[in-house]
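Here the structure comes first, spelled out in structure tokens, and everything after it is commentary.
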Amino acid sequence: MNIQLIEDDARVAGHVLKGLSEAGHGVVHETDGRAALLRASTESYDLIILDRMLPSIDGMKILRTIRASGDATPVLILSAIGDVEARVAGLKAGSDDYLAKPFALSELLARAEALSRRGSSIAESAEIVVGDLQIDLLGQTVQRGGRPIDLTAREFRILLFLARNAGRVVTRSMLLENVWDYHFDPQTNIIDQHVSRLRHKLDRPGDAALIHTVRGSGYIIRPPA
Amino acid sequence: MRIWRSLSFRLALIYMGLFLASMLILSGIFYWVTVRGPLESAEAQVAGEAAVHEDIARRRGLAALASELDSRADRDGARKAFHALIDPAGRVLTANISSWPRTPAADWLIIESDINVEGQEIDHEALLLDQPLPGGARLLIGRDIYDIVAREKQLSAATTWIVGVSILLGLGGGLLMSLAIGRRIDSVTRAARRVIAGDLTGRVPLRGTHDDFDRLGETLNAMLTRIEELVDSIRRVSDNAAHELRTPLARLRTHLETLADTSDVETARRIDMAIAEAGRLESVFDAVLRITRLENRRQDGDVRPVDLAPIIGDAVEFYRPEAEDRALTLRSEIGSDLFAVGNRDLLFQAFCNILDNAVKYTRPGDSIVVRGRSEAGEAIFEVADSGPGVPADELPHLAERFYRGRQVGEKDGIGLGLSFVTAVMAISGYPPYYRNLDPGLLVGLRFRRAA
């Protein structure tokens, strides 16, 4: 993946740069807002990681300029925690995701992966299928191998989010954001409890597991090999 | 009453008491010199005259005494002479006073004896001795002491006024003084309370007058600045350590993840454990940095009104599976009108941290009650459990970074949850409060009213 990182904090930038490169992504690093904007308008990237607070031009302004020029490159905003306005303002200005500092590198990687494929995702049909699992979006029902599975509203939303990102790692805070609509890094394993209940309902004895735990990162749903 | 406990007021009262006492002593001396002394010499003069005239009566008879008295009355003297001579039959032989007691008096008499001189009344006070004469006659003889009596009256009037006015001035001045000093002391107290409450930026306001209180304030402020610097440097150490260690830690994790692609199941399991441990470390560092960022944000006050009720409801729902797995009863009583200022994400995390502790540190079969209520317009969030509680001496330390109770033992946790809550509450309300319920612990949050 070809990523533009716009971040003036050397420590954060170094950390992210190293992590993304080690994960096999090509990263171009910019520290100045004006230079970054110039580059973003001439070159094409798969993803832009944008710090909100930048010298010379504010991150929000860069985002608005990019969007105004009709550029739909996914943008992930980095911002200080507790920056109440940042998340709302960022989403309004056309950002695709938002991550509060400090963040775990695995979190950023998972989100970057999810974003890079979002652009190419096909129009969603009324049904999502993962292996022998069928999710009916209109009727909000779930079947596995033809057997109906009774889920709570919350469990349904967890499953739906995992299934929409089938084959990609979904972190706990991504789940919390999209299923519970709260934005923070859960320091507890409480989400595991919700996921493990969902798993128990999906898997009958003898069934191959659908939802897998990715150590230190989160979960992934994929059809049994 | 508070004013009686004020040292400056009591000092003012003591000062007033001393002032009054010295005033009274001065008046006493003045009384002795200007009243008592002259009166005694007048008494001596009258007593002498009484003896002389008694002698005249005895030797020359009443008629001679009467004429002697009349000529004495006409003679000019330093003190005007007064007399009344009554014969044994009760007839007045001669008198220049208008009234006297009917029965003989044993002691000194002071009788008002105003005299009309050409239509003008002249004030006189006669100091009289009632002298019995041989044969049953009665002689009242005396001198004018009007000046002495007048002075005594002036003196007592002046003393009364001085005492009254100085009591009033003393009370009023003491009150004003203690109010003025009290205000200065209160500003010191307020600054100290702010620091105790966790706001290390609290300072004593200075007047710029370089008086005693300004000097005290300057010294205290210098001390507070020093404390703040020390606390800051401790924080910086943990922040820098967290910040600096994140990069190598992330690298370590990447290496481990590369290694994890091994066919050896046992090795893969161990590497997985190492990755999880690295993740745990990462989250500890992140938590430290998050709290620091929150604390640094405290001054901005950039917050908006939020309804706490749905956030509390979500937090309880979030923890229900965990509570059920641990065989705990989780109950919630959430009222309405629970508005506060803050950020819903941070508030949700704060509620979760408190619930997390309740779930983690109780035993199977225990119950947890979550309450959201409104008190005088201020929203209150409380989590009460029936668990083992926290020893009283540990309660004040709960919000300290990395503080873990003695009883917690090996349970997982890093001791940052309540530090985070405290940092959030610095934005949205007041410091968390903790109470032992016997059995159990209550953790409460009181929010500032949403404007």
Side-chain angles (χ1 to χ4, degrees), chain A residues 9 11-24 79-88 98 100-109 152-155 172-173 176-177 179-198 213-218, chain B residues 242-244 246-247 250-251 253-258 260 271-273 275-280 282-290 293-294 296-297 300 302-304 311 314 317-322 324-325 342-346 348-349 352-353 355-356 359-360 414 416-417 420 423-424 427:
Chain A
D9 184 334
R11 281 207 287 202
V12 175
H15 183 61
V16 171
L17 210 57
K18 193 146 258 156
L20 290 174
S21 317
E22 274 163 4
S79 173
I81 188 180
D83 208 344
V84 183
E85 311 301 331
R87 191 177 158 206
V88 180
Y98 163 97
K101 292 180 196 173
F103 46 84
L105 207 47
S106 54
E107 186 69 45
L108 180 68
L109 284 172
T152 65
R154 190 70 72 192
E155 286 160 350
R172 291 178 179 84
S173 53
L176 190 61
E177 248 163 66
V179 176
W180 277 270
D181 198 29
Y182 287 103
H183 199 108
F184 74 88
D185 182 20
Q187 302 284 321
T188 71
N189 58 351
I190 294 305
I191 287 191
D192 298 355
Q193 300 291 338
H194 290 268
V195 173
S196 108
R197 297 201 160 201
L198 174 62
T213 305
V214 181
R215 259 289 157 95
S217 299
Chain B
H243 223 120
E244 293 301 333
R246 285 172 86 228
T247 311
R251 238 178 288 151
R253 201 165 122 141
T254 316
H255 293 322
L256 285 171
E257 277 162 4
T258 330
I271 290 174
D272 266 2
M273 278 166 59
I275 291 174
E277 210 55 48
R280 212 178 86 87
E282 255 180 358
S283 66
V284 170
F285 294 157
D286 286 354
V288 171
L289 293 173
R290 260 163 225 280
R293 275 167 204 266
L294 272 181
N296 291 343
R297 239 188 72 80
D300 308 1
D302 172 28
V303 285
R304 53 181 55 195
I311 305 178
D314 284 345
E317 189 255 8
F318 193 54
Y319 271 87
R320 196 167 292 287
E322 176 78 6
E324 282 169 8
D325 278 7
N343 173 338
R344 64 187 289 277
D345 294 330
L346 296 178
F348 180 73
Q349 187 166 9
C352 283
N353 285 4
L355 273 171
D356 206 65
V359 166
K360 221 181 313 185
I414 46 179
L416 288 173
F420 181 90
V424 171
I427 296 170

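Each chain gets a letter, A, B and so on, in the order the sequences are listed, and its residues count up from 1.
Contact of E277(B) with chain A is not made at all, since no heavy-atom distance falls under 4.5 Å. Both the backbone and the side chain of D272(B) come within contact range of chain A, judged by heavy atoms closer than 4.5 Å.
Residues F103(A) and R290(B) come closest through the heavy atom pair CA-NH2, 4.5 Å. Shown here for Q193(A) and P321(B), the closest heavy-atom pair between the two residues is CB-CB, 4.1 Å.
Using cut-offs of 30° and 60° for the angle between ring planes, the W180(A) and F318(B) rings count as perpendicular.
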*Decide side-chain contact (heavy atoms from CB on, under 4.5 Å) for R197(A) and D325(B); before the verdict, give the C-alpha distance in whole Å, the side-chain angles of both, and the deciding distance to 0.1 Å.*
CA-CA 10 Å; R197(A) 297 201 160 201; D325(B) 278 7; 3.1 Å; yes
_Residues L176(A), Q349(B); criterion side-chain contact (heavy atoms from CB on, under 4.5 Å); working and verdict_ = CA-CA 11 Å; L176(A) 190 61; Q349(B) 187 166 9; over 6 Å; no
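With a 4.5 Å cut-off on side-chain heavy atoms, I190(A) and R320(B) do not count as touching.
Checked against the 6.0 Å centroid criterion, the rings of F348(B) and H183(A) do not qualify as a close aromatic pair.
Residues passing the side chain to side chain donor-acceptor pair (under 3.5 Å) test with D192(A), sequence neighbours excluded: R172(A), Y219(A).
For chain A, the option among V424(B), V359(B), I311(B) with the highest count of heavy-atom pairs below 4.5 Å is I311(B).
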